[in-house]
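By convention in this document, chain letters (A, B, ...) are assigned in the order of the sequence lines, proteins followed by strands, and residues within each chain are numbered from 1.
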Protein chains: 2
Amino acid sequence: MPETARRGDRIAASRYGNRPTMKDVAARAGVGLKTVSRVVNGEPGVTPDTERRVQEAIDALGFRRNDSARVLRKGRTASIGLVLEDLADPFYGPLSRAVEEVARAHGALLINGSSAEDPEREQELVLALCARRVDGLVVIPAGDDHRYLEPELKAGVATVFVDRPAGRIDADVVLSDSFGGARDGVAHLIAHGHRRIGFIGDMPRIHTAAERLRGYRAAMEDAGIAVADTWMSLGVTDPERVRRAAEEMLAGPSPVTAIFAGNNRVTVTVVRVLAETGRPVALVGFDDFELADLLRPGVTVVAQDAAALGRTAAERLFRQLDGGPLGPERIDLPTRLIQRGSGELPPAP
Amino acid sequence: MPETARRGDRIAASRYGNRPTMKDVAARAGVGLKTVSRVVNGEPGVTPDTERRVQEAIDALGFRRNDSARVLRKGRTASIGLVLEDLADPFYGPLSRAVEEVARAHGALLINGSSAEDPEREQELVLALCARRVDGLVVIPAGDDHRYLEPELKAGVATVFVDRPAGRIDADVVLSDSFGGARDGVAHLIAHGHRRIGFIGDMPRIHTAAERLRGYRAAMEDAGIAVADTWMSLGVTDPERVRRAAEEMLAGPSPVTAIFAGNNRVTVTVVRVLAETGRPVALVGFDDFELADLLRPGVTVVAQDAAALGRTAAERLFRQLDGGPLGPERIDLPTRLIQRGSGELPPAP
DNA sequence: TAGAGCCTGGACAACGTTGTCAGATGCGGG
DNA sequence: CCCGCATCTGACAACGTTGTCCAGGCTCTA
């Protein structure tokens, strides 16, 4: 008996999920549909008396405009998408917050998701956001091929990449100067007398990791130091492997006297290892982190401004939205070396 | 000449924003509209050959289904809203991430925003999410009156409050045991010989702050200690005022020998102050934070599990969505005292 | 080879809103 | 007293998708 089944569905649906529409409000207030729309949107041309009647009906029914329908009609969603790597990573908190503030200032909502550093998941997420018809996208890319975004770009979805450049596609990108920052950090260690300096970083597949490695090599080369393979550890971020990598560098006949850590998670783990071994090994980390100043010694870092990255990207996004696409541009934000002690230790004999 | 103006608008709109629809795909593939819909949604009843033709047209045009229209038709949006206090606060990173993971497992997207601890902004945000017709809401409340949500609850919007209870409304809530945690933390200090113990926390208007204060008072009373007004500092979280509050407690003829800090931001500031003064004052903080173990002394904390809060709330949300509303329930998650040194210091003479 | 039944494809309405346009109402002036 | 005008209101189509329902063509069997 399909009739009954259908009836049943309808009842269930109306019990949870059916909300009053403008039509309902109009009926209750004894006015036309469009008049309700006018009141809801604060359009002119409604007598105060009519407006009051409509407003009463709205309150009585608990009506809320259905933005899905509105979006369908108007074309713009007043929402932007943010795809980042991991919300739980403290680096992305301020970035995300900055993007949100800018979005809010432009009356837009933020839809976000984490790619967990998985290119496939990134694409899935981005396309889901596009299906929602977000007006724009801020993406911290996990993958290195973003050609799947071509139709979106052509259709005018404003897009800005942050922290790492887009792959095989022309798009705006906002970066920290990873190369220069790493070079400066390593040069700082060299200036304090170190020659055997270790590097622990992420997979070179990741642009920032590659750039930081390049900065490390450049600084070493500038100082005329040949780098031993055993000083470099790439593609290593989980605490257990970082720990092993650090311990290996510190063992052997000619151990490193200083370590450059490629990102804040690596830095923290290295701090732990050094605290345990108790050896006075110098350390400079890429990325600042909370409480770095409270440790003993304080941790010297190459700081990037996560909030500025987010703010810059979001502002550029809305400039695209307001004025149509600008030429793709690459914006490099400077880094800053903060000396706190760990980077100024002299080499152990 | 309004004709021209309108024409102009239309061109601009079509240049950026007009995307191919199923109709376009259907025309290009030489099939009917519904057939395209079937292919896009993987419904059965399409010959492989037809499917291939449709798929080619989709790829050629760069078609993406418009989920706004889909939502309008189907009723459910497969998205949930998360309203929290401040994404940049490290406490909310793991919480937010946990909510996202659960949402993802249920095929839903997460839309979020920060209330910045402002009740009005919270309401604005929640209602904007409801207008988007999110299927459910996870709210960390800033205000204490949520009657504005009554129509939404009646309409079946699944809602779970986290970290603080809802005001004047019956709804699910997932909390950490603030009272018990604070009482245990303060009792721990008392057990180590302290009697003059300071408390620095947020405004008692905030439920968790009030509960933690209550826990402090309870522990003191249990030990038969009369609390002096000068030992308590309420409504204080910004670093400058926390600093002053701590300094005042430590000055005067009978300074406190231990401090209980009401949340992690307060704790960190107090750590700074104590590090500067160099006095051996005992400290227990509510909320764990990264690196607490690396400080000297390590910081003893009452830890709550932010990820568990988020996970529990989101899971409950989807249980509501799957099975209709359950009775409103309050879930208390236990806290855990982690001894690291700062809470075990004996009172200075 | 004709009829029954299945499989594929398409026409049409509906979701809730907004833009367009035309009708209704009331007012003042001739 | 009637006309013109301004102001307010409502009917209608459209946004892009999906659910329903029906038509046509095919295969299989008798």
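If you run side chain to side chain contact (heavy atoms under 4.5 Å, CB included) between B:Val134 and each of B:Leu82, B:Leu109, B:Val126, B:Leu129, only B:Leu129 comes through.
Note: CD (A:Glu43) to C1' (C:dC21) measures 15 Å, nearest angstrom. The separation between B:Arg70 atom CZ and C:dG16 atom C1' is 18 Å, rounded to whole Å. Rounded to whole Å, atom C1' of C:dC7 lies 15 Å from atom CD of B:Glu51. One can place NZ of A:Lys23 at 16 Å from P of C:dT18, the figure rounded to the nearest angstrom. The CG-P distance, from B:Asp24 to D:dC15, rounds to 11 Å in whole Å.
For A:Arg65, the side-chain atoms get nearest to C:dT17 when compared with the rest of C:dT17, C:dG16, C:dG10. Side-chain proximity of A:Met22 to D:dT17, C:dG16, C:dT17: nearest is C:dT17. When the nucleotides D:dT17, C:dT17, C:dG9 are ranked by their closest atom to the side chain of A:Asn66, C:dT17 comes out on top. Proximity note for A:Ser37 (side chain, C-beta onward) versus C:dT18, C:dT17, D:dG16: the nearest is C:dT18. Listed nucleotides: D:dG16, C:dT18, D:dT17. Nearest to the side chain of B:Leu33: D:dT17.
In this structure, A:Thr35 reaches the D:dG10 phosphate: one of its side-chain N or O atoms is under 4.0 Å from OP1 or OP2. OP1 or OP2 of D:dT7 has not a single side-chain nitrogen or oxygen of A:Thr47 nearer than 4.0 Å. Put simply, B:Arg73 has no side-chain N or O that comes within less than 4.0 Å of OP1 or OP2 on C:dA14. The side chain of B:Lys74 places an N or O atom within less than 4.0 Å of a non-bridging phosphate oxygen (OP1 or OP2) of D:dG19. Contact annotation: A:Ser68 does not reach the phosphate of C:dG16 (side-chain N/O to OP1 or OP2, under 4.0 Å).
Checked for salt-bridge contact, A:Glu51 and A:Arg38 miss the test: no charged N lies under 4.0 Å from a carboxylate O. Salt bridge status for B:Asp49 with B:Arg52: present, with a side-chain N to carboxylate O gap under 4.0 Å. A salt bridge is defined here as a Lys NZ or Arg NE, NH1 or NH2 lying under 4.0 Å from an Asp or Glu carboxylate O, and A:Glu124 with B:Arg104 meets this definition. A salt bridge is absent between B:Glu150 and B:Lys154: the closest approach of a Lys/Arg side-chain nitrogen to an acidic carboxylate oxygen does not fall below 4.0 angstrom.
Between the base of C:dG10 and the side chain of B:Arg38 there is a donor-acceptor pair shorter than 3.5 Å. One donor-acceptor pair, N or O on each side, does fall under 3.5 Å between the base of C:dG19 and the side chain of A:Lys34.
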